[in-house]
Amino acid sequence: MPAEQGIERLITEYGDAVLRMCYLYLKDYHLAEDAAQETFIKAMKHYDSFNQKSSEKTWLTRIAINCCKNIMRMNWFRLGRGQLEENMQTVVNDPIENVLERDGITRSIQSMEVQDRELIILYYYQELSMKEIAQVIGKSENVTIQRVNRARKKLKKILMEVGYGL
């Protein structure tokens, strides 16, 4: 199958999940769109070298996380983040972002540290198994289980603090 057909299928199957994960990771819908687009561009370029040692979902998730991390490393992201958040209330006209921002669970996840947020996203939103998460983050399965459980406890604490009865 030509790479273009494979990428179209990947976008159809995983596009929404990749975009949502990028949004939760970056806390900005427009940056998430950029990261998702970059994910599929990289996947298209390297589709022929995908060795299928993991699932396509795991492979795409790893690419997406790396794209998000690259965006976060950019100096303008770190410096401009505070200014973006200050202006967010007056600028938000995007209906999709409005829906996502109203979701208290989403805001709680976004308040977590990046490493914990990544694990929560992979576990709950991408619905990856512990083995797949271990492949994505490059840790052993036992370490991954411990880290995911720790992140879940932190999320539970945050949700209880904001009024979610768990």
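By convention here, the first residue in the shown sequence is residue 1. Only this structure's heavy atoms are used, side chains among them; waters, hydrogens and symmetry mates stay out.
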If you apply the rule side-chain contact (heavy atoms from CB on, under 4.5 Å), what do you find for L122 with T61, and how did you get there? CA-CA 8 Å; L122 295 174; T61 299; 3.0 Å; yes
Minimal heavy-atom distance between E38 and C67, with the atoms involved, is CG-SG, 3.6 Å
Sole residue of L60, I11, L19 in side-chain contact (heavy atoms from CB on, under 4.5 Å) with T39: L60
To the nearest 0.5 Å, what is the distance between CH2 (W59) and OH (Y14)? 11.0 Å
Look up atom CG in L119 and atom CG in L128, then write down how far apart they are to the nearest 0.5 Å. 11.0 Å
ILVMFWY cluster, I120 and V143 together (side-chain gap under 4.5 Å): no
About how many Å separate OH of Y123 and CE of M130, when rounded to the nearest 0.5 Å? 5.0 Å
Would you check, one step at a time, whether the test side-chain contact (heavy atoms from CB on, under 4.5 Å) holds for I137 with I65? CA-CA 9 Å; I137 66 171; I65 287 173; 5.7 Å; no
Among all residues two or more places apart in sequence or in another chain, which pass the salt bridge (Lys or Arg N to Asp or Glu O under 4.0 Å) test with K69? E118
Are V148 and V114 grouped together when hydrophobic residues (ILVMFWY) are joined by side-chain heavy atoms under 4.5 angstrom apart? yes
So, for S111 and S108, which heavy atoms are closest and what is the spacing to 0.1 Å? OG-O, 2.6 Å
Nearest-0.5 Å distance that lies between atom CG in D28 and atom SG in C22: 11.5 Å
Residue pairs involving residues 137-152 (criterion side chain to side chain donor-acceptor pair (under 3.5 Å); sequence neighbours excluded): Y124-R152
Between K57 (side chain only) and Q126 (backbone N and O only), is there a donor and an acceptor less than 3.5 Å apart? yes
Check this for me: N70, atom CG, are more than 12 non-hydrogen atoms of other residues, nucleotides or ligands nearer than 6.0 Å? yes
Donor-acceptor contact present, side-chain R117 to main-chain I109, <3.5 Å: no
Output for pair (K42 NZ, H46 NE2), nearest 0.5 Å, gives 7.5 Å
The reported gap from CG in D116 to CD1 in I121 (rounded to nearest 0.5 angstrom) is 11.0 Å
